[in-house]
S.K.: 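Let me give you the structure first, and then I'll get to my questions.
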Protein chains: 2
Amino acid sequence: MKRPTIADIARRAGVSKGAVSYALNGQPGVSEATRKRILSIAEEIGFNANSAARALSGARARAVGLTLCRPARILGIEPWFMGLISGFEAELGARSYALTLQVVATPEQEVEVYRRWWGERRIDGVIVTDIRENDIRIPVLLQLQLPAVVIGGPGDTGPIAQIWSDDAGAITEAVRYLVALGHHKIARVSGVPGLLHTQNRTKAFENVCAALGLDNAITIPADYTGEEGSRATRRLLIGGDRPTAIIYDNDVMAVAGLAVAQEMGLSVPGDLSIVAWDDSPLCSLVHPPLTALSRDISAYGAQAALELLNAIDGRTVGNVEAGRVHLTPRGSTAPPR
Amino acid sequence: MKRPTIADIARRAGVSKGAVSYALNGQPGVSEATRKRILSIAEEIGFNANSAARALSGARARAVGLTLCRPARILGIEPWFMGLISGFEAELGARSYALTLQVVATPEQEVEVYRRWWGERRIDGVIVTDIRENDIRIPVLLQLQLPAVVIGGPGDTGPIAQIWSDDAGAITEAVRYLVALGHHKIARVSGVPGLLHTQNRTKAFENVCAALGLDNAITIPADYTGEEGSRATRRLLIGGDRPTAIIYDNDVMAVAGLAVAQEMGLSVPGDLSIVAWDDSPLCSLVHPPLTALSRDISAYGAQAALELLNAIDGRTVGNVEAGRVHLTPRGSTAPPR
DNA sequence: CCGCATCACTGAACCGGGTAAGTTGGGGGA
DNA sequence: TCCCCCAACTTACCCGGTTCAGTGATGCGG
């Protein structure tokens, strides 16, 4: 089957290619009557502009890129990325922008992918996740002048806009809630320590614990996987001075922690209260259902996509707070026995 | 920063654009010495061919498409798709093919997306998942002559190749295993009934149960979500003739089923054995860890991508079995009390 | 020494849409 | 009546690779 081109439309409408192009793009240069005729012919023959031709003549590629830099095994299980992706799609799809995905192993490979995409003119901008302190990707993006938005922060990303959520406020709320329930020994199992938002959360956790006079508030670093979550939980629970509540940096580790507690014969929430960061169906799936710090990840992703499209269109984009976090209490938290 | 083009290379090498093109693509028409010189210049200035220009001049777009047609909330939690995607990437990335993703709500939208992608010449082929009986996407793909591979089957997809795994054999193995443990009342909670692989599994389940003389082997249709999994499990467990083992069509529903059993005060595996289809970290995360029908989803995806690339290159591709399924026994199965 | 094949390369057309510059035709004002 | 202006087009070239038809130089056999 042959793809229709603007030349086909031009022939059928009895006008030139140029007129068709003006008509289709809503630009002046054709009469209203001609525009309507051309649009109806385009509709009729099912015309879609060849994206390559469009991209080639200096216009947009109408695609944005996303690199995912986590091992496959954890990518799969974490609902976070898929939630984000479906949020992107909501905005991108509406403007028929495509999303190009690349799974990589290291930040260095991410940089390579950015360079390649840029060289190939394959994408108009990128969404950057898992931002680190002094992230090596930022200077490259600036050098290439590749429009971008960073998911996460706040932190130093120079002129590149960040879409962030109030992690500090959220963890403060969670700790206050646990203290209100009567907990004094609260621990935390964190995500990858190198990531900016992990550091922000750790700082906030330490601050609020200090402010509330909780002295043995410890953060054990992990990496978002269930295995590390289990290990960290065991380490916390076998110690003499066992915490009565643990806050996990993601849902997967929280579920793993719950399993460890059950396996050790501890009752949740009787002996141990559990709070998960990022609510997902996973949290309401297990027994007892997990108290979680919820935010609308999809909306977060949609916001990020929107800001990236703004950046691509040359509008300057400031940092935006999105995905308001709130505590959703469920069965995994209660006053300590 | 200006992107280097073949014209830049041509100028620096003192040859024509055509010669550069031949050299870069490994085609005859230039001497070995010139080819080397051109390649080293390309390397030096960091040349990447403009994908739009390449796609425009009749060559490939060097991208393949994937549509995901499930509600966002379940996409997130199911490890299956991310596993598949990272498998695709392994093969695609190696050939610097891009993966273009689109999340949609209905099969009709998927067809629309295929048509648009085709019209835009944005992709060279598509990977089709969640195949149904008489799937409306198949005739469209044939009409558009869009290279494709179907993940799932076996079923009737005409000349489009299928990458399938032996679901029938797997479920037979699971049932035989449960029967060997001493179970007689085995139930199953299935995925979306319209999907081809669900039907294949149901048929195989009924066959093996009939062959082994299990009379009240019932399949309750669900939709892969935790909520439906819980509902189906409750329906099964409150009945008078309660099953002693349940096989779930995915890991999410199995975890939900485990929570329901715990909530009803049933011990797993004492009162109820649970088998999950598709092993993921989720299965080993919960307590007790779930016995699962495992397969290497990533390898499955890689195989699919490989076959699609073959199809794009015009090599005929037959149906391929991939992702050999095997039973991984864990703590959730035992002889009934 | 000539004719022919082969090699290494050049020049130009082409893909399909975007767009600046040029060309009509008609209306309005002086 | 003439002139100017503007809307409504057309023409032609651009983007950056790919490819095909040519071209000049070289080698080789007779």
Side-chain angles (χ1 to χ4, degrees), chain A residues 1-39 41-42 45-63 96 116-124, chain B residues 1-39 41-42 45-63 96 116-124:
Chain A
M1 207 172 146
K2 199 191 158 298
R3 291 170 179 80
T5 69
I6 53 168
D8 298 326
I9 301 180
R11 207 175 320 112
R12 291 181 62 149
V15 295
S16 70
K17 278 186 3 172
V20 175
S21 177
Y22 289 137
L24 293 176
N25 293 307
Q27 278 185 300
V30 281
S31 67
E32 229 14 73
T34 311
R35 184 187 306 274
K36 276 204 183 125
R37 191 155 45 93
I38 288 173
L39 285 176
I41 293 175
I45 64 177
F47 172 79
N48 281 298
N50 181 322
S51 65
R54 221 186 220 162
L56 186 56
S57 59
R60 315 258 93 107
R62 295 189 82 80
S96 59
R116 183 160 57 75
W117 277 346
W118 173 82
E120 293 179 348
R121 240 198 182 87
R122 204 180 258 285
I123 47 144
D124 300 322
Chain B
M1 207 172 147
K2 200 193 157 298
R3 292 170 178 81
T5 70
I6 53 169
D8 298 327
I9 301 180
R11 204 175 321 112
R12 291 182 61 148
V15 294
S16 70
K17 279 187 0 174
V20 175
S21 176
Y22 290 138
L24 292 176
N25 293 306
Q27 278 184 300
V30 282
S31 67
E32 231 11 78
T34 310
R35 186 188 304 276
K36 276 203 182 124
R37 192 155 44 91
I38 287 172
L39 285 176
I41 293 175
I45 64 177
F47 172 79
N48 281 299
N50 181 322
S51 64
R54 221 184 220 164
L56 186 56
S57 57
R60 314 257 92 109
R62 295 189 82 79
S96 60
R116 182 161 57 77
W117 276 346
W118 173 83
E120 293 179 349
R121 239 197 182 87
R122 204 179 258 286
I123 48 144
D124 300 323

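Computed from a prediction, not measured in an experiment: that's the story for all the values here. Below, all heavy atoms of this structure are taken into account, side chains as well, without hydrogens, waters or symmetry copies. Lettering follows sequence order; numbering is per chain, from 1.
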S.K.: For B/A53 and for B/G14, locate the closest nucleotide of DNA chain C by heavy-atom distance; then report the residue assigned to the nucleotide nearer the 5' terminus.
M.R.: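 Closer to the 5' end of DNA chain C: B/G14.
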
S.K.: Counting only side-chain N and O atoms of A/N50, is one of them less than 4.0 Å from OP1 or OP2 of C/dC15?
M.R.: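 No.
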
S.K.: Can you see which heavy atom on A/N25 is nearest to which on A/R54, and at what distance?
M.R.: OD1-NH2, 3.9 Å

S.K.: If only side-chain N and O atoms of B/Q27 are considered, is one of them under 4.0 Å from the OP1 or OP2 phosphate oxygen of D/dT19?
M.R.: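 For D/dT19, OP1 or OP2 has a side-chain N or O of B/Q27 closer than 4.0 Å.
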
S.K.: How many whole angstroms separate atom CH2 of A/W118 from atom C1' of D/dG16?
M.R.: 14 Å

S.K.: May I ask you to say what A/S16 touches in the nucleic acid, namely base, sugar-phosphate or nothing, with a heavy-atom cut-off under 4.0 Å?
M.R.: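 It contacts base atoms.
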
S.K.: Rounding to an integer number of Å, can you tell me how far B/I9 CD1 sits from D/dG17 C1'?
M.R.: 11 Å

S.K.: Would you tell me if any nitrogen or oxygen in the side chain of B/R54 comes within less than 4.0 Å of OP1 or OP2 on D/dT18?
M.R.: yes

S.K.: With a cut-off of less than 4.0 Å, is there a side-chain N or O of B/S31 near OP1 or OP2 of C/dC9?
M.R.: yes

S.K.: Starting at CD1 of A/I6 and ending at C1' of C/dG17, how long is that distance when rounded to a whole Å?
M.R.: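 In whole Å, C/dG17 C1' lies 5 Å from A/I6 CD1.
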
S.K.: To the nearest Å, how far apart are A/K17 NZ and D/dC15 C1'?
M.R.: 12 Å

S.K.: Take atom CZ of B/R121 and atom C1' of C/dC15, then tell me their distance rounded to the nearest Å.
M.R.: 8 Å

S.K.: Given atom CZ of B/R60 and atom P of D/dT18, what is their separation to the nearest angstrom?
M.R.: 13 Å

S.K.: With a 4.0 Å cut-off on heavy atoms, is B/V20 in touch with a base, just the backbone sugar-phosphate, or nothing at all?
M.R.: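 B/V20: no heavy atom of the nucleic acid under 4.0 Å.
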
S.K.: Tell me if the side-chain of A/Y22 makes a donor-acceptor pair with the base of C/dA20, cut-off 3.5 Å, by modelled atom types.
M.R.: yes

S.K.: To the closest 0.5 Å, what do you measure between CG (B/L39) and OG1 (B/T34)?
M.R.: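 The distance works out to 10.5 Å.
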
S.K.: Does any N or O in the side chain of A/R35 come within less than 3.5 Å of the main-chain N or O of A/Q27, such that one atom is a donor and the other an acceptor?
M.R.: yes

S.K.: Please confirm whether the shortest side-chain N or O distance from B/S21 to OP1 or OP2 of D/dT18 is below 4.0 Å.
M.R.: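 Yes, B/S21 has a side-chain N/O under 4.0 Å of OP1/OP2 on D/dT18.
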
S.K.: Judged by each residue's nearest nucleotide on DNA chain D, which is more toward the 5′ side, B/A19 or A/T34?
M.R.: A/T34

S.K.: In this structure, how many angstroms lie between the P atom of C/dG18 and the CZ atom of A/R62, rounded?
M.R.: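 Those two atoms, CZ and P, are 10 Å apart.
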
S.K.: May I ask you to decide if B/L56's main-chain N or O and B/R121's side chain share a donor-acceptor pair within less than 3.5 Å?
M.R.: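 The answer is no, because no donor-acceptor pair under 3.5 Å joins these two groups.
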
S.K.: For B/D124 and B/R62, which heavy atoms make the closest approach, and how far apart are they?
M.R.: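 The pair with the smallest heavy-atom distance is OD2-N, 2.7 Å.
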
S.K.: Figure out the CG/P separation between A/L56 and C/dC15, and round it to whole Å.
M.R.: 14 Å

